[in-house]
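One-based numbering along the sequence shown. What you are looking at is a predicted structure, and each value in this text was computed from that prediction instead of being measured.
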Amino acid sequence: MPVMSIIACRILEEELFHVLSLENAFDYLFVTDTKESHGLVRRLKIGNTPYAPVPPDRISEMLEQTRSLHKCGIIRRICMKPSAKEDFIVVVHILELGLHRDLTSLRRGVYTAVEQMSSYSDGILLFYGLCGNSLQNIENDLSHITCPIYLLKDSESNRVDDCISIALGGNRKYEEAFKACRGKGTLFFTPMWASNWKDMDASGNKQEDLMTINYSLKRQHISRIVKIDKGTRYDPAFEENVKKFAQSFGLEIISIPGTAKIVEKCYSDAKSAITNGCK
């Protein structure tokens, strides 16, 4: 039973839910039971996507139990899903948004998660971009890990810069969007950015945070929000969240189309590589 672990930034929760909702995405899904996973779990429940919450320190134990039950046929009888192929297990671990406040902390957090999860994984798919180049050297830095690491890349096989590049369909699309917005300070918003912007650099003082954001936007001459609409509609509050932010800081709103092609292809490619590698 091949195991693919996914280490994801919470800002990519919608993209992660999207690929997990695709047909035949997995046979068994385990989600580490942490505060950061609550949003994904809520989406999985609403979408009737089967999963099992697992404490982070019990994942290995749960995988062994699953393999044992599977070997003796108990799981097959319960699920009524006989199959000639080996069942595919996905383990999801979501890291906190606060890691982005410091690139060294982000790198340390991701590296630690990869090293820990590599012990029971046949491959690890990283739901992160380069993130300010903090993860640029992850393959070299973690070359001692025998478990393959799969990275999000665009159609030109380039590592994606960040979550906005992922949502737009690649680095070239990101550059084109920037050029189109030249002359106006611009923020790009995905649904998760729109619902989590308050948490990115929060001090705990709501009034102070709003004043800090307002000062930062004015200093950078930000006057526009670009709403990236991927058409997935997993977050019904996206429109309202963008409007509230724009009204709070006097910003113009425009929309551009996004896509889920990068995460779909990278998930499919990683799954195929892991499955074929375990034969």
Side-chain angles (χ1 to χ4, degrees), residues 1-83 85-97 110 113-114 116-128 147 150 152 166 191-192 195-196 230 232-237 260 263-264 266-272 274-275 278:
M1 301 177 73
V3 176
M4 177 169 75
S5 290
I6 299 176
I7 298 170
C9 175
R10 188 155 65 90
I11 213 73
L12 290 176
E13 180 185 297
E14 183 175 74
E15 287 81 358
L16 180 55
F17 174 67
H18 174 71
V19 295
L20 293 174
S21 301
L22 297 175
E23 188 175 1
N24 299 319
F26 61 84
D27 295 293
Y28 304 105
L29 173 62
F30 299 123
V31 179
T32 56
D33 191 8
T34 65
K35 181 181 71 173
E36 302 301 324
S37 71
H38 290 175
L40 175 64
V41 165
R42 188 161 49 248
R43 293 175 190 264
L44 293 171
K45 288 180 178 178
I46 293 173
N48 293 318
T49 304
Y51 78 98
V54 185
D57 60 349
R58 293 194 60 197
I59 297 175
S60 293
E61 177 186 342
M62 180 66 78
L63 290 173
E64 285 304 313
Q65 290 178 0
T66 302
R67 290 189 179 101
S68 297
L69 292 172
H70 185 275
K71 188 174 182 180
C72 68
I74 294 177
I75 286 184
R76 289 187 186 278
R77 287 196 292 272
I78 291 175
C79 298
M80 298 180 66
K81 44 178 282 185
S83 172
K85 68 176 179 63
E86 273 206 281
D87 287 336
F88 189 71
I89 300 175
V90 173
V91 179
V92 172
H93 182 53
I94 299 178
L95 300 183
E96 62 178 298
L97 284 177
V110 172
V114 170
Q116 291 175 343
M117 300 181 79
S118 66
S119 63
Y120 52 75
S121 305
D122 296 300
I124 294 175
L125 175 58
L126 203 62
F127 258 58
Y128 276 89
C147 171
Y150 301 95
L152 296 182
I166 294 167
M192 285 300 290
S195 60
N196 288 282
K230 298 190 295 298
T232 51
R233 294 302 179 193
Y234 293 136
D235 189 346
V263 290
E264 288 176 0
C266 291
Y267 185 94
S268 176
D269 288 349
K271 180 184 177 184
S272 296
I274 293 169
T275 302
C278 291

Which side-chain N or O atoms in residues 45-59 pair as donor and acceptor under 3.5 Å with protein atoms at least two apart or in another chain?
unit_1: R58; atom_1: NE; unit_2: E61; atom_2: OE1; d: 3.2
unit_1: R58; atom_1: NH2; unit_2: E61; atom_2: OE2; d: 2.8

Between atom [atom1] of [X] and atom [atom2] of [Y], what is the distance when rounded to the nearest 0.5 Å?
| X | Y | atom1 | atom2 | value |
| --- | --- | --- | --- | --- |
| I89 | S121 | CD1 | OG | 10.5 Å |
| I7 | T32 | CD1 | OG1 | 10.0 Å |
| L22 | K271 | CG | NZ | 9.5 Å |
| E13 | E15 | CD | CD | 9.5 Å |
| M4 | Y150 | CE | OH | 9.5 Å |
| F26 | L20 | CZ | CG | 6.0 Å |

Are any of the side-chain heavy atoms of V263 and F127 separated by less than 4.5 Å?
-> yes
Is there a side chain to side chain contact (heavy atoms under 4.5 Å, CB included) between I6 and Y267 once you walk through the steps?
-> CA-CA 10 Å; I6 299 176; Y267 185 94; 3.7 Å; yes
Could you please spell out the steps behind the side chain to side chain contact (heavy atoms under 4.5 Å, CB included) verdict for F88 and T275?
-> CA-CA 8 Å; F88 189 71; T275 302; 3.7 Å; yes
Residues forming a salt bridge (Lys or Arg N to Asp or Glu O under 4.0 Å) with [X], sequence neighbours excluded:
| X | answer |
| --- | --- |
| R42 | none |
| E264 | none |
| D33 | none |

Side chain to side chain donor-acceptor pair (under 3.5 Å) against S37, all qualifying residues, sequence neighbours excluded | none
What closest approach, in Å, do C147 and D122 show between heavy atoms, and which atom pair accounts for it?
-> SG-C, 4.0 Å
Smallest separation among heavy atoms of Y120 and S60, with atom names | CD2-OG, 3.2 Å
Sequence-distant partners of E36, side-chain contact (heavy atoms from CB on, under 4.5 Å), two or more places apart | R10, T34, I94, E96
Can you name the residues that form a side-chain contact (heavy atoms from CB on, under 4.5 Å) with C266, not counting sequence neighbours?
-> L152, I262
Using the side chain to side chain contact (heavy atoms under 4.5 Å, CB included) rule, take L97 and C9 through it: C-alpha gap first, then chi angles, then the decisive distance, then the call.
-> CA-CA 7 Å; L97 284 177; C9 175; 4.0 Å; yes
Which of these passes side-chain contact (heavy atoms from CB on, under 4.5 Å) with V3: V91, I274, T66, I124?
-> V91
When you measure from the side chain of S119 to the backbone N and O of Q116, does any donor-acceptor pair fall under 3.5 Å?
-> yes
Passes side chain to side chain contact (heavy atoms under 4.5 Å, CB included), L44 versus L29? Steps please.
-> CA-CA 10 Å; L44 293 171; L29 173 62; 4.1 Å; yes
